[in-house]
Trainee: 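Quick one: the structure is below, questions incoming.
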Amino acid sequence: MDRIKIFDTTLRDGEQSPGCSMNMKEKLEVAKCLEKLNVDVIEAGFAISGPQDFKSVQEISKVVKNAQVASLSRALTKDIDVAWDAVKDAVAPRIHTFIATSPLHMQYKLRMTPEQVLEQTKEMVAYAAKYCSNVEFSAEDATRSDLDFLTRITEVAIAAGATVINLPDTVGYTSPAEMEHLIRYVIEHAKGAEKAEFSVHCHNDLGMAVANSLAGVQGGARQIECTINGLGERAGNTSMEEVVMAIRTRADLYEVETGIDTKQIYNASRTVYNIIGQPAPLNKPIVGKNAFAHESGIHQHGVLANKKTYEIMTPEIVGIHTDNLVLGKHSGRHAFKKRADDLGYHLTDEEVNRCFGEFQLVADKKKTVTDADLEAIISHHVSIDHLMSEEGYKLDWFSVHTSNFTTATCTIHLKKGDEEFEEVKLGDGPIDAAFNAIDAIINPKEHVFNTYQIASTSEGQDTLGAVTVKLSCDRRTYTGRGLSTDIIESSIMAYLQALNRLMAEEA
Ligand code: KIV
Ligand code: ZN
């Protein structure tokens, strides 16, 4: 079977979507997941778009050992210089350069004639190829471009040294039949096509990104560009978990395979959702809570008789554990570590120390600690907490008084290094009062309060409450999270984390 390369652009197209910005530590955490997944190419960012973007592409290039690392660049010398500077230390660097090819984009965005676009492509691909033998060329808005122009530009790019030709559905406009035809047409008509690999990059505006990518494969594409959880501009990009599992589940139909270790999918998805501070939609294919749940009596009956009646893939294949073992207050460190191992978290001794104390606190308050609680504790204290700044304000204690006939009051005591602070404030409910008291202490710089979300980690009244707060300032998002059986405490922790990040200016 032909091997399809998976080009992950979570850290570039995914990260540039609203509310999904990540700081460098978070990007490195995602890059680690991508390596575990065994993706072929990691698009680490758009190096010229700012110093933080440059630094993250550079760091990712230095640490990633098992995947190619790419930076995006417009077809401009200054972009290509910076992209190369950022990726040159990678084991396998790639420069990804693009220019728009649709009449609309050429006329109104670039203000260039088709001939000028061809010339620019020739010069810039050749310029990139002097730095690097691995050059990808993308014809932006390919699906609204003239097919013969696409064929010409593909020939020009290949002759100038491009090794990968990407034909994106930039605005999520095409259909599977059109995409298959487009890829097949260009491969059949462009001179030199056999020297390059063809790639698809689809957006999900009409909900067809995965279907269009698979159709591109049927037309001859051998690279799919996608993102974890389908993050990306507007309605997102092709979702990696969906496209990979479609190829695996329907290998009989597509007759291709990927190198993805599918058992890592759930973990990677959860890490990314945690970082951007969003829960997976319940019905999200592959990774949503309901993706493997059978509710109706007829379905349950069928699954009990034979799982294959209603299950086209097993949860285990994507790394979801269904043997929901429960731990309790008598479970020791060894049982805790063993269960974490079973769930796919291979914790170091230091990480076990960090989580076990919290586990004991939770086990004391709750009768049972489920896998979902355990995952929330681990992702909070390992994947999330260490991504947050160690500095900043910490909660020491708080006290609230509230009722439905008086104004809520909160007294809050914070610590920052050796300093201690205390404030009392009123509010419209205990959380508002707590946030007002925090504001009075910190006096944060001006920001917009975008999101307050609370979710339970498991079923039952004694569940942990996981709170996410998102603030924004200067078009960057600052996320904070808190986890506790007490939702006022988790709210305070989440707000403090978001404010600490805002004050440290590390989005
Ligand atoms: O959607 C798009 O066209 C892109 C290109 C820059 C590859 O993201
Ligand atoms: Zn895109």
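All ligand and atom numbering here is 1-based and tracks the order in the structure. The model shown is predicted, which means the values in this text are computed figures rather than measured ones.
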Trainee: When you look for heavy atoms under 4.0 Å from ligand 1, do you find them on the side chain of T9, its backbone, both, or neither?
Mentor: neither

Trainee: When V30 is tested against each of M22, E15, E35 for side chain to side chain contact (heavy atoms under 4.5 Å, CB included), which residue passes?
Mentor: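 Answer after filtering M22, E15, E35: M22.
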
Trainee: Show your reasoning for whether side chain to side chain contact (heavy atoms under 4.5 Å, CB included) applies to I224 and K5.
Mentor: CA-CA 6 Å; I224 297 176; K5 291 209 175 99; over 6 Å; no

Trainee: Could you go step by step and tell me if E43 and K27 meet the salt bridge (charged side-chain N to carboxylate O under 4.0 Å, His left out) rule?
Mentor: CA-CA 11 Å; E43 185 161 56; K27 287 184 184 172; over 6 Å; no

Trainee: Suppose I only count heavy atoms of E140 and a 4.0 Å limit; which atoms of ligand 1 are within that range?
Mentor: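 Per the distance check, 3 (O).
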
Trainee: Using side chain to side chain contact (heavy atoms under 4.5 Å, CB included), reason through I6 and V244 one step at a time and then give a plain yes or no.
Mentor: CA-CA 9 Å; I6 296 295; V244 164; 4.0 Å; yes

Trainee: When you check the gap from the basic side-chain N to the acidic O, do R144 and D169 get nearer than 4.0 Å?
Mentor: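 Answer for the salt bridge query: no.
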
Trainee: Apply the side chain to side chain contact (heavy atoms under 4.5 Å, CB included) test between L150 and each candidate in T143, I165, L182; give the one that qualifies.
Mentor: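 Of T143, I165, L182, side chain to side chain contact (heavy atoms under 4.5 Å, CB included) with L150 is met by L182 alone.
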
Trainee: Which ligand 1 atoms, with their elements, are less than 4.0 angstrom from a heavy-atom of H203?
Mentor: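 Checking each atom against H203, I get 1 (O).
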
Trainee: Between K470 and G19, is there a donor-acceptor pair closer than 3.5 Å when you use the side chain of the first and the backbone of the second?
Mentor: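 Yes, K470 side chain to G19 backbone: donor-acceptor pair under 3.5 Å.
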
Trainee: Quick check: does any side chain N or O of E180 sit under 3.5 Å from a backbone N or O of A177, one acting as donor and the other as acceptor?
Mentor: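 Flag not set: sc E180 to bb A177 has no pair under 3.5 Å.
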
Trainee: Mind checking whether E225 contacts ligand 1 via backbone (N, CA, C, O), side chain (CB onward), both or neither, at a 4.0 Å heavy-atom cut-off?
Mentor: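 Answer for E225: neither.
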
Trainee: Give a yes or no on whether a salt bridge exists between E155 and K195, defined as a side-chain N under 4.0 angstrom from a carboxylate O.
Mentor: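 No, E155 and K195 are not salt-bridged.
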
Trainee: Which protein N, O or S atoms lie under 2.8 Å from the Zn ion (ligand 2), given by chain and residue number?
Mentor: D13 OD2, H201 NE2, H203 NE2

Trainee: Any idea which part of H105 is under 4.0 Å from ligand 1, heavy-atom wise: side chain, backbone, both or neither?
Mentor: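 Neither; no heavy atom under 4.0 Å.
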
Trainee: To check your reading of the model: name the closest protein heavy atom to atom 4 (C) of ligand 1, its residue, and the distance in Å.
Mentor: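 I find the closest protein heavy atom is H201 NE2, 3.4 Å.
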
Trainee: I want to know if ligand 1 touches D13 in the polar sense, i.e. an N/O pair below 3.5 angstrom.
Mentor: yes

Trainee: Please report which non-hydrogen protein atom sits nearest to atom 8 (O) of ligand 1, along with the residue it belongs to and the distance in Å to one decimal place.
Mentor: R12 NH2, 2.9 Å

Trainee: Which residue and non-hydrogen atom of the protein lie closest to atom 3 (O) of ligand 1, and at what distance in Å?
Mentor: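 Atom 3 (O) of ligand 1 sits closest to the protein heavy atom T170 OG1, 2.6 Å.
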
Trainee: Check the pair F7, H96 against ring pair (Phe, Tyr, Trp, His ring centres under 6.0 Å), reporting the backbone distance first and the verdict last.
Mentor: CA-CA 11 Å; F7 174 116; H96 177 193; 5.8 Å; yes

